[in-house]
Chemist: 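One structure is given below, represented as structure tokens, and several questions about it will come after.
Computed from a predicted structure; not experimentally measured. Hydrogens, waters and symmetry mates are skipped; everything else that's a heavy atom, side chains included, is used. Each chain gets a letter, A, B and so on, in the order its sequence line appears, and its residues count up from 1.
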Number of protein chains: 2
Amino acid sequence: MRSYRQYCGLAKALDVIGDRWTLLIVRELLIRDRCRYTDLRDGLPGIATNLLADRLRELERAGIVAREDAPPPIATTLYQLTSRGRELEPVIDQIGRWGGPFVAERSKKDTFRSHWIALPLKLHLKDRTPRRPPIAIQLHCGDEPVVIETRDGAVRTRIGSIPDPEVTLTGAPQLVIGVLTGKIELAAARAAGLKFEGDREVLRRVVPERRREPRD
Amino acid sequence: MRSYRQYCGLAKALDVIGDRWTLLIVRELLIRDRCRYTDLRDGLPGIATNLLADRLRELERAGIVAREDAPPPIATTLYQLTSRGRELEPVIDQIGRWGGPFVAERSKKDTFRSHWIALPLKLHLKDRTPRRPPIAIQLHCGDEPVVIETRDGAVRTRIGSIPDPEVTLTGAPQLVIGVLTGKIELAAARAAGLKFEGDREVLRRVVPERRREPRD
DNA sequence: CAGCATCCGCTTTGATACTG
DNA sequence: CAGTATCAAAGCGGATGCTG
């Protein structure tokens, strides 16, 4: 990206992360921690492979991404965020929150990967009763399973499965998100096709975090 | 901008605000509230005029910017953010914070407009003793004067002058910002060329706000 | 197969000139 | 003042080819 050449923090940041696809690549790495080129490509439907390679080079040069050549017998390259890269989480959080209203309904032309909901869920949800024993909620709403786990009061999410989750939700992402953020009643979601298994009290334990009111 | 077509809040947001120049236009409108096409162009050195016109059209269509035809005798068009547009302030705040390290030093090729510092100062500073009578700090570090004012505990900034400020700072933006954010001692800044007039105790009243620690 | 690089047509951007 | 018009250059998207 050509620099704006403006002595301004916003403009300087956009010089680095303002390119097309760049922040979506960071999104992938925030969710997956360490992953291969192919994982990134699969999580970024629509990207041209040469662009992904270009962006990874630029991000590495900017100190946001580090590439690690896994030793044999794995023999593959792994990409991960540096600490400077992980500092982009609040940036992506805010942009994603601003874009929240746009995901109220889903267009048929939109692609979806289930792990995309992991980041907003982790950032939005909190454990209402952190003293009680940890719980896990298993989600099935796309290509890969996602787990929500409480641990030390924090809510974590990751790609994967767990043998005995307290709750399992299966269905369209709109319904899964709606139920977890409290925007859709469980009964309404089940009527709309969501499958629910487990203890419904557990579901109430994980609730959207109250946002700080903006100043001014 | 071509849509990413991803069912993801971040991607949907970037469909709208991810174009080159778009967030810088929002920056201008956050600082200036209502302004003319020419004001925007002056605040965006480097932008091609057709691009500014294009972006304003797109932003209007997206419900972020509203255009208002001022009645005669003014007879000019004024642009301002809608409420949805003002909701981008936290987005720009976070991106600007992330870009903060990049403005540690200034390249000679960088352009500068003094009002660019108004937004980060407003977002970073707080009034340590909000009960005391309001104060004003006058800044001269570029093309236009900027005022910092305390009011009801909040810190506000605007383009303009005030007759009798408690403090006046004149000099390079690095020095002005450094002193206000506490990164440079006043004595060091004066040695480096900053002119200071007024009550140095007043300067201590306005301090950087403590950021909430990130979760996780 | 993973991890790119190359090529090509198309779109976006940038610089400048011009207009009501 | 507030844009539109024009055109060259850069960037992007899609397909394909190469290499270990």
Chemist: Please check the phosphate of D:dG13 (OP1 and OP2 only) for any side-chain N or O of B:R5 closer than 4.0 Å.
Modeler: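 For D:dG13, OP1/OP2 do not have a side-chain N/O of B:R5 under 4.0 Å.
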
Chemist: Do the side-chain N or O atoms of B:T77 get closer than 4.0 angstrom to the phosphate oxygens (OP1, OP2) of D:dC1?
Modeler: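 Negative; the distance criterion is not met.
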
Chemist: Does A:R36 put a side-chain nitrogen or oxygen below 4.0 Å from OP1 or OP2 of C:dC4?
Modeler: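 Negative; the distance criterion is not met.
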
Chemist: For B:W21 and A:Y4, take the angle between the two ring planes, folded into 0 to 90°, and tell me which bin it lands in: parallel under 30, tilted 30 to 60, perpendicular over 60.
Modeler: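 Rings of B:W21 and A:Y4: perpendicular, as their planes differ by over 60°.
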
Chemist: Can a side chain N or O of B:T49 be found less than 4.0 Å away from OP1 or OP2 on D:dT4?
Modeler: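 For D:dT4, neither OP1 nor OP2 has a side-chain N or O of B:T49 closer than 4.0 Å.
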
Chemist: Please give, in whole Å, the distance from C:dC4 C1' to A:E58 CD?
Modeler: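 Between C1' of C:dC4 and CD of A:E58: 15 Å.
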
Chemist: Can you check whether A:G43's main-chain N or O pairs, donor with acceptor, with A:W116's side chain at less than 3.5 Å?
Modeler: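 Yes; judged by distance alone, with no hydrogens or angles, the pair exists.
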
Chemist: Could you tell me whether B:E149 and B:R158 have a side-chain N and a carboxylate O separated by less than 4.0 Å?
Modeler: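 A salt bridge is present here (some side-chain N lies under 4.0 Å from a carboxylate O).
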
Chemist: Send over the distance from B:E60 CD to D:dG3 P, rounded to a whole Å.
Modeler: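 One finds 10 Å between P of D:dG3 and CD of B:E60, rounded.
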
Chemist: May I have the distance from A:I47 (atom CD1) to C:dG3 (atom P), rounded to whole angstrom?
Modeler: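 A:I47 atom CD1 is separated from C:dG3 atom P by 14 Å.
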
Chemist: Between B:L52 (CG) and D:dG3 (P), how many Å, whole number?
Modeler: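 Nearest whole value for this atom pair: 8 Å.
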
Chemist: Once you apply a heavy-atom cut-off of 4.0 Å, does A:A48 come out as touching a base, just sugar-phosphate, or nothing?
Modeler: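 Base, at least one base atom sits under 4.0 Å.
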
Chemist: Within the sub-3.5 Å range, which N or O atoms of nucleotides 9-12 of chain D have a protein N or O partner, and how far apart are they?
Modeler:
from: D:dC12; atom 1: OP1; to: A:R55; atom 2: NH2; distance (Å): 2.9
from: D:dC12; atom 1: OP2; to: A:R55; atom 2: NH2; distance (Å): 3.0

Chemist: Could you check whether any side-chain heavy atom of B:K122 comes within less than 4.5 Å of a side-chain heavy atom of B:V155, counting everything from C-beta outward?
Modeler: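 B:K122 vs B:V155: side chains apart.
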
Chemist: Could you tell me how far apart B:Y4 (OH) and D:dG14 (P) are, to the nearest whole angstrom?
Modeler: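 Going from B:Y4 (OH) to D:dG14 (P), I get 13 Å.
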
Chemist: Take the protein atom CZ of B:R57 and the nucleotide atom P of C:dT13, then report the distance between them rounded to whole Å.
Modeler: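 Rounded to whole Å, this separation is 13 Å.
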
Chemist: Looking at B:Y79, I'd like to know whether one of its side-chain N or O atoms comes within less than 4.0 Å of OP1 or OP2 on D:dG3.
Modeler: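 Yes, such a contact exists.
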
